[in-house]
Amino acid sequence: MALDVADFNASWLKAWTNKDVPRLLAFYSADAIYKDLQVPDGLRGQDALGAYLKGLFAQTPPMRYEPHEIWPTHDGFCGRWYCTIDGADGAKTYLRGFDLVVLKDERIALNEVYVHPVTDLP
């Protein structure tokens, strides 16, 4: 049975929303490569990613990720999402981004994150 990438993406984004590091790491291969704005040269492996996520989540306010669109590729998918960030003062800010995800044996081998702010959600 083929992996349902839309379901995979929704479950994965839910783990991001929950800041659930053990659950997130279960989506990644042992030698996964992860890149985002804070680590443009990337991290390799679950240990490095786990340490990074723990530090990131300790510094960020509540953030809710919602899947928007998904484009399957020959070895994974690109998934666009929206994120609502709840500020301590009650103000909300918003992001739109997408992840390039390369899968190997139904786990993330490469994850590149691209994101930018937006003024509101659609």
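Residue numbers run from 1 in the order of the sequence given. Basis for what follows: all heavy atoms, side chains included, without hydrogens, waters or symmetry-related copies.
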Do [X] and [Y] have side chains that approach each other closer than 4.5 Å (heavy atoms only, starting at C-beta)?
{"X": "S11", "Y": "R23", "result": "yes"}
{"X": "L95", "Y": "Y65", "result": "no"}
{"X": "W71", "Y": "R80", "result": "yes"}
{"X": "L3", "Y": "F77", "result": "no"}
{"X": "L103", "Y": "I108", "result": "yes"}
{"X": "V5", "Y": "W12", "result": "no"}

So which atom in [X] and which in [Y] form the shortest heavy-atom distance, rounded to 0.1 Å?
{"X": "P72", "Y": "I70", "result": "CD-O, 3.8 Å"}
{"X": "L43", "Y": "L49", "result": "CD1-CA, 4.2 Å"}
{"X": "L25", "Y": "R107", "result": "O-NH2, 3.6 Å"}
{"X": "S29", "Y": "A109", "result": "OG-CA, 3.7 Å"}
{"X": "F57", "Y": "D20", "result": "CE1-N, 4.4 Å"}
{"X": "K19", "Y": "P61", "result": "NZ-O, 3.1 Å"}

Is there a path of hydrophobic side-chain contacts, each under 4.5 Å between heavy atoms of I, L, V, M, F, W or Y residues, that connects [X] with [Y]?
{"X": "L53", "Y": "M63", "value": "yes"}
{"X": "V39", "Y": "L110", "value": "no"}
{"X": "W16", "Y": "W81", "value": "yes"}
{"X": "L37", "Y": "Y114", "value": "no"}
{"X": "V118", "Y": "I85", "value": "no"}

Between [atom1] on residue [X] and [atom2] on residue [Y], distance to nearest 0.5 Å:
{"X": "Y34", "Y": "Y28", "atom1": "OH", "atom2": "OH", "result": "6.0 Å"}
{"X": "D99", "Y": "N9", "atom1": "CG", "atom2": "CG", "result": "7.5 Å"}
{"X": "D41", "Y": "K35", "atom1": "CG", "atom2": "NZ", "result": "7.5 Å"}
{"X": "E66", "Y": "T17", "atom1": "CD", "atom2": "OG1", "result": "6.5 Å"}
{"X": "R64", "Y": "L13", "atom1": "CZ", "atom2": "CG", "result": "13.5 Å"}

More than 12 heavy atoms of other groups within 6.0 Å of [X] [atom1]:
{"X": "D120", "atom1": "CG", "result": "yes"}
{"X": "K14", "atom1": "NZ", "result": "no"}
{"X": "D86", "atom1": "CG", "result": "yes"}

Item checked: With H68, the ring pair (Phe, Tyr, Trp, His ring centres under 6.0 Å) member among Y82, F98, Y94 ->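 Going through the options one by one, the only one that passes is Y82.
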